[in-house]
2 protein chains.
Amino acid sequence: MVDQPAALWFSGAMSNDLDTVFAAIADPTRRSILAMLLEDDMAVTDVAEPFDMSLAAISKHLVILTKAGLISQEKRGRVKWCKLEPDAMRAASVWMQGFGQFEPVNLDAFERFLETELAPPDER
Amino acid sequence: MVDQPAALWFSGAMSNDLDTVFAAIADPTRRSILAMLLEDDMAVTDVAEPFDMSLAAISKHLVILTKAGLISQEKRGRVKWCKLEPDAMRAASVWMQGFGQFEPVNLDAFERFLETELAPPDER
DNA sequence: AGGTTGGTCAACCATTTGGTTGAATATGCG
DNA sequence: CGCATATTCAACCAAATGGTTGACCAACCT
C-alpha cells in the first residue's frame, strides 16, 4: 500500500499543499534526503545512515516528506522503501516561476549544486 | 546583475539561503505579500491593510522576506517602500527544477494559481 | 510647538518544530 | 521457537515561529 494515493494530489487538497511542500523543503536534512532519493529508491535505514541523528528523527522527516507528497513509502517485507515523487514539486515550481523568467536549467550548474549543497552531510 | 551569477549562486554563501528562501515562502501570508508586490511596489501600511493581523506582525513578515532577499525595503520620507526582488528565487527554482523536467511555464496554470491561492486574503 | 501618521521595538504568549530516548511492533532467519 | 533487524510510537525537551499589545521614534502637517 502506497500511503499517498495519486488521485488525491490533484483534487482540491492541492491549495494548502504549497505550505506543506515549501515547509518540507525548507529543511536542509530533508533536502539532502530528496537529493539522495534522486539517485535511487532507498530503505529508511539506508536513508538515515549518513546523517548524524537518530533513526526516529529521520523517520519523522520521511513522514513530513510523505505528507507533502514529495516521496512515497511502500513497505515490502519488513523494509519500507522510499521513492521520490517529483511531480509534487510541480505546483510549487509553477508558483515560483511566476516571479521571473528563470533561464532554462543549466545542468552543469545544477550538478555542481548537487555536489556542494545537496549531498549527504558526510560528503561536505 | 542578472546574468553573471552561475558561479556565484552555487558557491558557499548560497547554501543556507535555500533554507531562508524556502522557509520564507512556506508561509501563506508571506506568499500573499509577494503576490501583491508582483503587481506594484507598496508601503508597509498598504501591504498590511488587507490582512487580519497587526501591523507589527506584517512588519515582521517583511523583515523575514527581506532577510531571504525576496524583497527590498527603501525608506523615503516616513514611508518604507517594499519592492519585489525576483532574482532571489532563482537558486531555489533551479534546485526544484532538478527534480523533474517541468514544462516551461504554463501561464494559464499560473494565473489560476494566482487567483485561488495567492490573492490577498480578502479575495478568498 | 503639538498632533497625527508610518513603522519598529520589546516583552510576552501559545504552538510548532526538530531532536532525544526507551519501549513497542512487525518481519525475517536459524 | 527465540533472536535479530527494520521501523514506528510515545513522552519529553529546547528552540523557533507567528502572533499580540503597548511604548517608542521619526517624519510630516498645521
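A, B, ... follow the sequence lines: proteins, then strands. Residue 1 opens every chain.
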Using the six-membered ring wherever Trp is involved, compare the ring planes of B/F22 and B/W95 and label them parallel, tilted or perpendicular (cut-offs 30° and 60°).
perpendicular
Taking the side chain of A/A43 as its heavy atoms from C-beta onward, which of D/dT7, C/dG18, C/dG6 lies nearest to it?
D/dT7
Picking from D/dG19, C/dG7, D/dT7, the nucleotide nearest the side-chain atoms of B/A57 would be D/dG19
When rounded to whole Å, the NE2 to C1' distance for the pair A/H61 and C/dT16 reads 14 Å
Can you check the A/K75 NZ to D/dT5 P distance for me, whole Å?
17 Å
Main-chain N/O of A/P28 paired to A/S32 side chain as donor or acceptor, under 3.5 Å
yes
So, does A/S59 get its side chain near the phosphate of D/dT8, meaning an N or O under 4.0 Å from OP1 or OP2?
yes
When you get a sec, tell me which of C/dT8, D/dT20, D/dA27 is the closest nucleotide to the side chain of B/K80?
C/dT8
Between B/E49 (CD) and C/dG6 (P), how many Å, whole number?
12 Å
Closest to the 5' end of DNA chain C, once A/R76 and B/K60 are matched to their nearest nucleotides, is B/K60
Quick check: does any side chain N or O of A/R30 sit under 3.5 Å from a backbone N or O of A/I25, one acting as donor and the other as acceptor?
no
B/S54, nearest nucleotide to its side chain (from C/dT20, D/dT20, C/dG6):
D/dT20
From CG of A/L65 across to P of C/dT17 the rounded distance in Å is 14 Å
Picking from D/dG19, D/dT8, C/dT8, which would you name as closest to the side chain of A/A56?
D/dT8
What is the distance, rounded to the nearest whole Å, between atom CD1 of A/I58 and atom P of D/dT7?
12 Å
Output the rounded distance in Å from CG (B/D46) to P (C/dG6).
8 Å
Can you figure out which of C/dG19, D/dG18, C/dG7 approaches the side chain of B/I64 most closely?
D/dG18
If you look at every strand shown and take non-hydrogen atoms under 4.0 Å, does A/R30 touch a base, only sugar-phosphate, or nothing?
sugar-phosphate
Rounded to the nearest 0.5 angstrom, the CG-CG distance for B/L18 and A/D27 is 12.0 Å
Between CE of A/M53 and P of C/dT17 the distance, given in whole Å, is 16 Å
To the nearest Å, how far apart are B/F51 CZ and D/dT20 P?
12 Å
Is it true that A/M53 and A/L62 fall in one hydrophobic cluster, defined by side-chain heavy atoms closer than 4.5 Å?
yes
Winner on side-chain proximity to B/R78, out of C/dG18, C/dT5, D/dT8, is C/dT5
Candidate nucleotides C/dT20, D/dT8, C/dG18, ranked by approach to the side chain of A/D27 - the nearest
C/dG18
